[in-house]
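Here the structure is a predicted model, which is why all the values come from computation and not from measurement. Counting starts at 1 for both ligands and their atoms, in listed order.
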Amino acid sequence: MKKVITYGTYDLLHVGHINLLRRAKAMGDYLLVVLSSDEFNALKHKTAYHSYEDRKTILEAIKYVDEVIPEYTWEQKVKDVVDNNIDIFVMGHDWEGQFDFLKDYCEVVYLPRTEGISTTKIKNDLNMGTSDHQE
Ligand code: C2G
């Protein structure tokens, strides 16, 4: 069984997240998502709208996702890859090169991000009273 791992906050779920998860799952048989805890989000200077538990529930409802575990530190990736017998590490290309140290343990793949959508854009557009499908 080929196991894939990816990391993220996955707040205010959108099509960019789904495109990443779909492509990551297509690279193997099992997709493990390591979901940023609320505390780790603070380290990333991010404030998620949904709690960790709600973001976990939402991710677990996605057909591409097989398992969700928490991300507490930047340093846990090697242990996650080894402990879970991971074959492929996948992230969006905004992280290009940042996790190449994992190449000693698994394949490392950076996938193109989905253009035009982000959690930040959603928050900004809502504040401005706009949407992504202006009539
Ligand atoms: N993503 C994407 N296209 C977008 C937005 C996000 O492909 N338009 C991808 C990101 O590249 C990432 C995943 O969706 O691979 C999750 O995005 P975030 O929740 O923003 O994750 P991030 O905060 O980058 O967390 O230790 C790594 C960090 O936890 C990564």
Side-chain angles (χ1 to χ4, degrees):
M1 175 169 69
K2 183 173 282 190
K3 296 186 74 179
V4 184
I5 196 170
T6 192
Y7 290 70
T9 297
Y10 286 97
D11 190 40
L12 301 187
L13 197 69
H14 56 69
V15 71
H17 295 140
I18 297 300
N19 287 340
L20 191 289
L21 295 169
R22 183 185 67 253
R23 287 174 293 165
K25 179 59 179 286
M27 299 178 84
D29 309 292
Y30 189 93
L31 177 58
L32 170 60
V33 180
V34 189
L35 182 62
S36 304
S37 66
D38 295 328
E39 297 77 12
F40 185 60
N41 277 328
L43 292 181
K44 292 198 291 187
H45 307 296
K46 278 192 166 186
T47 304
Y49 176 80
H50 293 298
S51 67
Y52 172 80
E53 285 307 320
D54 285 355
R55 289 183 284 117
K56 182 173 188 284
T57 300
I58 292 166
L59 276 181
E60 286 171 341
I62 298 170
K63 65 182 180 181
Y64 306 121
V65 177
D66 295 289
E67 181 183 4
V68 181
I69 62 173
E71 179 183 30
Y72 295 116
T73 70
W74 290 111
E75 293 78 23
Q76 71 182 74
K77 291 185 176 65
V78 170
K79 185 174 188 324
D80 290 344
V81 166
V82 171
D83 289 357
N84 291 282
N85 302 307
I86 297 299
D87 299 290
I88 309 174
F89 170 93
V90 177
M91 287 300 291
H93 78 322
D94 47 316
W95 291 96
E96 183 84 35
Q98 300 298 308
F99 304 117
D100 287 357
F101 62 87
L102 290 170
K103 288 180 178 176
D104 294 336
Y105 304 93
C106 65
E107 190 181 342
V108 174
V109 177
Y110 301 101
L111 295 174
R113 277 173 68 96
T114 301
E115 296 305 321
I117 186 69
S118 68
T119 302
T120 303
K121 182 180 186 317
I122 293 170
K123 291 177 179 176
N124 291 341
D125 286 356
L126 287 173
N127 284 333
M128 300 287 285
T130 59
S131 67
D132 72 345
H133 50 279
Q134 295 293 34
E135 303 305 326

Original post:
Under the side chain to side chain contact (heavy atoms under 4.5 Å, CB included) test, which residues partner Ser51, sequence neighbours left out?
Top reply: Asp38, Glu53, Asp54
Original post:
At what distance, to the nearest 0.5 angstrom, does CD1 of Ile5 lie from CG of Asp80?
Top reply: 5.0 Å
Original post:
How would you list, by chain and number, every residue that makes a salt bridge (Lys or Arg N to Asp or Glu O under 4.0 Å) with Lys3, sequence neighbours excluded?
Top reply: none
**OP:** Only pairs at least two apart or in different chains count here, so list each ring-ring contact (aromatic ring centres under 6.0 Å, His included) that has a residue in residues 45-90.
**Re:** Tyr7-Phe89, Phe40-Trp74, Trp74-Trp95, Phe89-Phe99
Original post:
Between the side chains of Asn41 and Thr9, does any donor sit under 3.5 Å from an acceptor?
Top reply: yes
Would you mind listing each N/O atom of ligand 1 next to any protein N/O under 3.5 Å, plus the distance?
{"residue": "ligand 1", "atom": "3 (N)", "partner": "Thr114", "partner atom": "N", "Å": "3.1"}
{"residue": "ligand 1", "atom": "8 (N)", "partner": "Thr114", "partner atom": "O", "Å": "2.8"}
{"residue": "ligand 1", "atom": "8 (N)", "partner": "Ile117", "partner atom": "O", "Å": "2.7"}
{"residue": "ligand 1", "atom": "11 (O)", "partner": "Gly92", "partner atom": "N", "Å": "3.4"}
{"residue": "ligand 1", "atom": "11 (O)", "partner": "Asp94", "partner atom": "OD1", "Å": "2.7"}
{"residue": "ligand 1", "atom": "15 (O)", "partner": "Gly92", "partner atom": "N", "Å": "3.0"}
{"residue": "ligand 1", "atom": "19 (O)", "partner": "Thr9", "partner atom": "N", "Å": "3.0"}
{"residue": "ligand 1", "atom": "19 (O)", "partner": "Tyr10", "partner atom": "N", "Å": "2.8"}
{"residue": "ligand 1", "atom": "20 (O)", "partner": "Lys46", "partner atom": "NZ", "Å": "2.9"}
{"residue": "ligand 1", "atom": "23 (O)", "partner": "Lys44", "partner atom": "NZ", "Å": "3.0"}
{"residue": "ligand 1", "atom": "23 (O)", "partner": "Lys46", "partner atom": "NZ", "Å": "2.5"}
{"residue": "ligand 1", "atom": "24 (O)", "partner": "Trp95", "partner atom": "NE1", "Å": "2.9"}
{"residue": "ligand 1", "atom": "25 (O)", "partner": "Lys44", "partner atom": "NZ", "Å": "2.9"}
{"residue": "ligand 1", "atom": "26 (O)", "partner": "Glu71", "partner atom": "OE2", "Å": "2.5"}
{"residue": "ligand 1", "atom": "26 (O)", "partner": "Lys77", "partner atom": "NZ", "Å": "2.7"}
{"residue": "ligand 1", "atom": "29 (O)", "partner": "Ser36", "partner atom": "OG", "Å": "3.4"}
{"residue": "ligand 1", "atom": "29 (O)", "partner": "Lys44", "partner atom": "NZ", "Å": "2.9"}
{"residue": "ligand 1", "atom": "29 (O)", "partner": "Glu71", "partner atom": "OE1", "Å": "2.7"}
{"residue": "ligand 1", "atom": "29 (O)", "partner": "Glu71", "partner atom": "OE2", "Å": "3.4"}

Original post:
Can you tell me how far the NZ atom of Lys123 sits from the CG atom of Asp11, to the nearest 0.5 Å?
Top reply: 5.5 Å
